[in-house]
Amino acid sequence: MRIITWNINSIRLRIDHLRRLVDETDPDVILLQETKVQDHQFPEEAVNELGFTHTKFRGMKSYNGVAILSKQTLSDTGGHDWAGRDDARHIFATLPNGLEVHSLYVPAGGDEPDPTINDKFQHKLDFVSEMKSWFPANRDPKAPILLAGDLNIAPLESDVWSHKQLLKIVSHTPIETDGLNAAQAAFGWQDAMRTHTPEPTPLYTWWSYRAKDWRAANRGRRLDHIWVSPGLDGKVRTMQVLEDARGWEKPSDHAPVLVDLDL
DNA sequence: ATGGTCGGTTGCCGA
């Protein structure tokens, strides 16, 4: 089973990119973040025409928004309101083979890495702190569960272009990376991307729009992640960051990440 | 040290 996660940064603007991604990789399931569309405006017909006749989505006006696109039936769907906010950052569903997939969009957290003066950073820390308790309280680690999305944190030194230069930059500060590592450990989540491509190999999924030449500068960060439960131990066969998509015309600033599961 | 670019409830805000 082939699964892709992607921060698409507006599904309506990039529906042709989604078509190209499907043509080139033929995934079974696509988990999206930053769809930036309300549910009544979701391009369900265009998605159906790509072969994804089963969809679950949760959007709001202008910001955020997550979706699950599947060729097979989706059941038992829902989404948690993290940090007490109904802001369309989480959706989950179960596939016919029993695999539960979660699409998650963690808040970016603003620019100032001080929670006492930056409410957005406090919100991000609260969100990640709740990730640590929510999964153990609501799910069985022995079950087959995949959690993927834009977690907006690059936890490892080789997840950023310069560990030293990014230590005070939101997405790589110790308070965030400690929080994410704690959330991961609390459920026994396995970092499928790093199982496949261990440190110290650099691994990035996001490159800023602001670089003159993103590929030449390569000042990337690994903000997108695929985690699998202990119940899926040994089931991840391949992993690829689809960097080419970052070079398409009018791209998302995030590259899709693909895994094949032996299920 | 600074400013650089996107998308969408555009003339700003969030990323």
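Letters A, B, ... are given to chains in the order of the sequence lines, protein chains preceding strands, and every chain is numbered from 1.
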Point to revise | Residue closer to the 5' end of DNA chain B, A/Ala108 versus A/Lys250 (nearest nucleotide) | key: A/Lys250
Review point. According to the interplanar angle, ranging from 0 to 90°, do the rings of A/Trp6 and A/Trp248 count as parallel (below 30°), tilted (30 to 60°) or perpendicular (above 60°)?
Key: perpendicular
**Study point:** Nearest-Å distance once atom P is located in both B/dT9 and B/dA15
**Key:** 15 Å
Study note, to complete from the structure: The correct set of residues in residues 203-213 of chain A placing a heavy atom under 4.0 Å from DNA chain B is A/Tyr209, A/Arg210
Practice item. Name the first nucleotide and the last nucleotide along DNA chain B (5' to 3') that come under 4.0 Å of a heavy atom in chain A. Key: B/dG4 to B/dA15
**Study point:** Residue pairs involving residues 52-79 of chain A (criterion salt bridge (Lys or Arg N to Asp or Glu O under 4.0 Å); sequence neighbours excluded)
**Key:** A/Asp26-A/Lys71, A/Arg58-A/Asp81, A/Arg58-A/Asp86
Point to revise | A/Glu44-A/Asn48 side chain donor-acceptor pair, cut-off 3.5 Å | key: no
Point to revise | Separation between the C1' atoms of B/dG11 and B/dG7, rounded to whole Å | key: 15 Å
Check your understanding: Within 45° of the ring axis of A/Trp161 and under 6.0 Å from its six-membered ring centre, is that where the NZ or CZ of A/Arg219 lies?
Key -> yes
Check your understanding: Using a cut-off of 4.0 Å on non-hydrogen atoms, how would the nucleic acid contact of A/Arg12 be classed: base, sugar-phosphate, or nothing?
Key -> sugar-phosphate
Check your understanding: For A/Ser158, what residues pass the side-chain hydrogen bond (donor to acceptor under 3.5 Å, both in side chains) criterion, not counting sequence neighbours?
Key -> A/Arg194, A/Glu199
Check your understanding: Is the closest side-chain donor-acceptor distance between A/Ser171 and A/Glu176 under 3.5 Å?
Key -> no
**Study point:** Same-atom distance (C1') from B/dT10 to B/dC6, integer angstrom
**Key:** 13 Å
Review point. In the hydrophobic clustering that connects Ile, Leu, Val, Met, Phe, Trp and Tyr at side-chain heavy-atom distances below 4.5 Å, which members other than A/Phe127 occupy its cluster, ordered by chain and number?
Key: A/Trp82, A/Phe92, A/Leu104, A/Val106, A/Val128, A/Met131, A/Trp134, A/Phe135, A/Ile145, A/Leu147, A/Leu151, A/Ile153, A/Leu180, A/Phe187, A/Trp189, A/Trp227
**Study point:** Residue mapping more 5' on DNA chain B - nearest nucleotide basis, A/Asn64 or A/Asn9
**Key:** A/Asn9
Study note, to complete from the structure: Paired with A/Arg2, the side chain to side chain donor-acceptor pair (under 3.5 Å) test is passed by just one of A/Thr238, A/Thr25, A/Asp260, namely A/Asp260
Check your understanding: Looking only at atom P, what distance separates B/dA1 and B/dG14, rounded to whole Å?
Key -> 26 Å
Review point. For A/Asp253, which residues count as a salt bridge (charged side-chain N to carboxylate O under 4.0 Å, His left out) partner, sequence neighbours excluded?
Key: none
Check your understanding: Touch check for A/Arg221, heavy atoms < 4.0 angstrom, all strands: base, sugar-phosphate only, or nothing?
Key -> nothing
